[in-house]
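Quick caveat: nothing in here was measured; it's all calculated off a predicted structure. Remember, it's 1-based here, ligands and their atoms both numbered in the order they're listed.
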Amino acid sequence: MEDLELRRKAVAELGRELRSLMETVARTETPTEDLQELAGEVQRLEARFTGRRRERSEIPGVDVFPFGLRMYSPATGHGSAFAPPLEIEETEDGLVGRCALGVAHEGPPGYAHGGMSAMLLDELMGWACAAKGLPAMTIALDVRYQRPVPVEMPLLLRARVTGIEGRKITVSGSVVPEDDPQTILVAAEGRFVAPDLDRARSLFPGAKGYQN
Ligand SMILES: CCCCCCCCCCCCCCCC(=O)SCCNC(=O)CCNC(=O)[C@H](O)C(C)(C)COP(=O)(O)OP(=O)(O)OC[C@H]1O[C@@H](n2cnc3c(N)ncnc32)[C@H](O)[C@@H]1OP(=O)(O)O
């Protein structure tokens with residue numbers, strides 16, 4: 001079997017280059033004819049991804065599901081061009097995530113798209129459930145945008161489980177500037193449900209852990 005760590009490293013390296021490319025594209029004022037040529041080059045590059053293509057619900061071989069690594073997650077995945085990626089660490093008071101967003105994640109000029117903040121919080125809050133042994137899905141997310149989130153600013157995200165009632169979990173979350181953690185930019189309250197085994201089996205047919 002191929003070395004898994006080597007493959008994860010390659011996936012992460014490709015992800016890093018793709019993120020850099022996305023940022024370059026979002027900021028470029030390159031002449032139009034060069035853009036047209038570059039589109040053709042990217043198309044030729046895409047054709048070089050040969051080999052088997054993963055089925056829709058198949059878990060990537062580099063992943064550990066549901067409690068671990070998700071290398072193509074648009075929030076945390078080092079293999080994703082779209083992910084900042086969010087780096088998560090467990091603390092005594094819940095989970096802490098760190099990242100900085102780029103111009104490719106912009107909503108209002110100079111500030112992050114609100115959907116990005118919501119996605120990152122949703123993911124971190126989901127991980128807070130998983131950290132309590134309850135991998136769960138979001139059923140409600142209330143996001144309050146108190147101040148705009150500047151791009152290219154180191155951010156600190158927090159998620160803390162505030163209640164567990166059977167399979168239902170409530171979680172609170174926030175986004176703050178890393179160098180000014182008292183200033184809340186975004187605050188969120190979420191409700192999550194850990195699917196029962198039958199539901200998890202039917203939702204995730206590719207997850208070996210849930211199958212008989
Ligand atoms: C095994 C899972 C792995 C998941 C991966 C983990 C990976 C490790 C972390 C990664 C982090 C990623 C974090 C991203 C999080 C997303 O983005 S998840 C994507 C967005 N969310 C969704 O698509 C969820 C859509 N909803 C559903 O599919 C179903 O509602 C669920 C969540 C599977 C629950 O279904 P179920 O297990 O059949 O639940 P059910 O028995 O009907 O209800 C249980 C209780 O919850 C309540 N409830 C259930 N659904 C709802 C609802 N939609 N609204 C209100 N109440 C509800 C019921 O009323 C019931 O309450 P009680 O009667 O007990 O008081």
Side-chain angles (χ1 to χ4, degrees), residues 4 8 11-12 15 19 54-99 101 105 107 112-145 149 155-176 185-212:
L4 201 52
R8 284 183 181 142
V11 167
R19 274 191 295 284
R54 202 153 49 79
E55 298 296 326
R56 186 186 71 90
S57 61
E58 190 180 332
I59 310 293
V62 286
D63 278 11
V64 182
F65 183 84
F67 285 104
L69 200 59
R70 305 232 48 214
M71 287 218 68
Y72 299 104
S73 153
T76 55
H78 279 258
S80 163
F82 191 68
L86 184 68
E87 301 283 358
I88 301 178
E89 155 193 2
E90 199 166 351
T91 72
E92 272 179 12
D93 196 28
L95 298 187
V96 168
R98 284 188 172 78
C99 70
L101 295 169
H105 303 123
H113 195 291
M116 283 302 301
S117 309
M119 181 186 69
L120 294 172
L121 281 168
D122 186 24
E123 175 94 9
L124 189 68
M125 290 158 82
W127 278 110
C129 299
K132 295 275 183 201
L134 290 167
M137 294 173 80
T138 325
I139 58 164
L141 187 64
D142 176 23
V143 184
R144 276 149 294 142
Y145 297 97
V149 176
L155 301 170
L156 207 64
L157 287 88
R158 294 201 185 94
R160 192 168 62 87
V161 169
T162 52
I164 300 176
E165 195 189 308
R167 292 189 286 118
K168 292 192 286 187
I169 308 138
T170 49
V171 189
S172 67
S174 62
V175 181
V176 300
L185 306 176
V186 187
E189 300 293 333
R191 291 194 290 137
F192 291 73
V193 172
D196 65 20
L197 196 58
D198 281 346
R199 182 58 80 103
R201 278 184 183 139
S202 70
L203 284 175
F204 312 115
K208 292 190 185 74
Y210 289 122
Q211 308 311 321
N212 291 315

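Contact annotation for atom 63 (O) of ligand 1: protein absent (non-hydrogen atoms, distance under 4.0 Å). Protein heavy atoms are absent from the 4.0 Å sphere centred on atom 58 (C) of ligand 1. Closer than 4.0 Å to atom 42 (O) of ligand 1 lies none of the heavy atoms of the protein. Protein heavy atoms are found less than 4.0 angstrom from atom 54 (N) of ligand 1.
The single protein non-hydrogen atom nearest to atom 26 (N) of ligand 1 is Ile139 CG2, 4.6 Å, given as residue, atom name and distance. Counting only heavy atoms of the protein, atom 1 (C) of ligand 1 lies nearest to Tyr210 OH, 2.8 Å.
Sorted by first and then second residue, the side chain to side chain donor-acceptor pair (under 3.5 Å) pairs with a member in residues 127-140 read Asp122-Thr138, Glu123-Trp127; sequence neighbours excluded.
The shortest N or O to N or O distance between Asp122 and ligand 1 is under 3.5 Å.
Across Leu203, Leu121, Thr138, heavy-atom proximity to atom 15 (C) of ligand 1 is greatest for Thr138. Closest heavy-atom approach to atom 27 (C) of ligand 1 within the set Met119, Arg199, Arg70, Glu123: this belongs to Arg199. Of the listed residues (Arg191, Arg167, Lys168), the one carrying the non-hydrogen atom nearest atom 36 (P) of ligand 1 is Arg167. For the residues Leu141, Val193, Asp198, the heavy atom positioned nearest atom 48 (N) of ligand 1 is part of Val193. Of the candidates Gly68, Ala207, Pro135, Pro66, Pro66 brings a heavy atom nearest to atom 8 (C) of ligand 1.
Among all heavy-atom pairs drawn from Pro195 and Ala136, the shortest one is CD-CA, 4.3 Å. Of all non-hydrogen atoms in Gly173 and Leu121, the two that sit nearest each other are C-CD2, 3.9 Å. Looking at every heavy atom in both residues, Ala128 comes nearest to Leu95 through N-CD1, 3.3 Å. Considering all non-hydrogen atoms of both residues, Ala83 and Arg19 come closest at O-CD, 2.8 Å.
Atom numbering of ligand 1 starts at 1 in the shown order; those under 4.0 Å from a heavy atom of Asp196 are 37 (O). Interface of Phe204 with ligand 1, defined as ligand atoms under 4.0 Å from a residue heavy atom, comprises 1 (C), 2 (C), 3 (C).
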Name the atoms and distances for all side-chain donor-acceptor pairs under 3.5 Å in residues 156-165, with sequence neighbours left out.
| unit_1 | atom_1 | unit_2 | atom_2 | d |
| --- | --- | --- | --- | --- |
| Thr162 | OG1 | Thr170 | O | 3.1 |
| Thr162 | OG1 | Thr170 | OG1 | 3.1 |

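Atom-to-atom distance recorded for Leu120:CG and Leu124:CG is 8.5 Å, nearest 0.5 angstrom.
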